[in-house]
Amino acid sequence: ANNDTGSDSLDVNIQFSENGSDWFNAQGYTAAVAVAANSFDTFASDILHHFYRVRVKATSAGNQAPFTIYWNLVQSQ
């Protein structure tokens, strides 16, 4: 969630890895997804990987956006 109500935005990539060294963009995140101010993006996958990470980049120079990442791992196997 981009918690700022200003005029900034974030670029978000979701990536996965099986060894913690080689990272690959998740489907739908091959290019960065823009998250506007006071907005959010959601990600869900039914594919289990050993590691996930979120890469976040502020796109407004000099106006860094505060953000929150909510992580909920639900496994029903």
Side-chain angles (χ1 to χ4, degrees):
N2 184 347
N3 299 328
D4 197 2
T5 57
S7 61
D8 58 12
S9 68
L10 302 170
D11 281 347
V12 176
N13 284 89
I14 307 292
Q15 298 181 323
F16 64 89
S17 175
E18 300 306 332
N19 60 13
S21 297
D22 301 314
W23 293 92
F24 304 94
N25 290 326
Q27 185 175 357
Y29 291 86
T30 53
V33 173
V35 180
N38 206 27
S39 185
F40 67 93
D41 181 66
T42 60
F43 168 78
S45 177
D46 58 354
I47 301 171
L48 299 176
H49 295 287
H50 283 98
F51 304 98
Y52 280 98
R53 73 180 179 186
V54 179
R55 299 190 72 180
V56 179
K57 178 182 175 186
T59 59
S60 179
N63 189 13
Q64 303 304 313
F67 63 91
T68 304
I69 296 173
Y70 297 97
W71 187 266
N72 186 13
L73 177 61
V74 178
Q75 187 172 355
S76 59
Q77 295 182 356

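Since we're looking at a predicted model, the values are computed, not measured. Residue numbers start at 1 and run along the sequence shown.
The two residues Thr30 and Asn25 have their closest heavy-atom pair at O-ND2, 3.5 Å.
Hydrophobic clustering (side-chain heavy atoms under 4.5 Å, transitive across Ile, Leu, Val, Met, Phe, Trp, Tyr) keeps Leu48 apart from Phe51. Grouping the Ile, Leu, Val, Met, Phe, Trp and Tyr side chains by contacts below 4.5 angstrom, directly or via other members, places Val12 apart from Trp23.
The side-chain hydrogen bond (donor to acceptor under 3.5 Å, both in side chains) test applied to Arg53 returns Gln15, not counting sequence neighbours. With sequence neighbours excluded, the residues satisfying ring-ring contact (aromatic ring centres under 6.0 Å, His included) with Tyr29 are Phe43. Evaluation of the side-chain hydrogen bond (donor to acceptor under 3.5 Å, both in side chains) rule for Asn19 yields Ser17, Asp22 as partners, not counting sequence neighbours. Qualifying side chain to side chain contact (heavy atoms under 4.5 Å, CB included) partners for Ala34, counting only residues two or more places apart in sequence or in other chains: Asp11. Not counting sequence neighbours, the partners of Phe24 by the ring-ring contact (aromatic ring centres under 6.0 Å, His included) test are Phe16.
No more than 12 heavy-atom neighbours from other residues, nucleotides or ligands sit within 6.0 angstrom of CD on Gln27.
Screening Val33, Leu10, Ile14 for a side chain to side chain contact (heavy atoms under 4.5 Å, CB included) with Asp41, the sole residue that qualifies is Val33.
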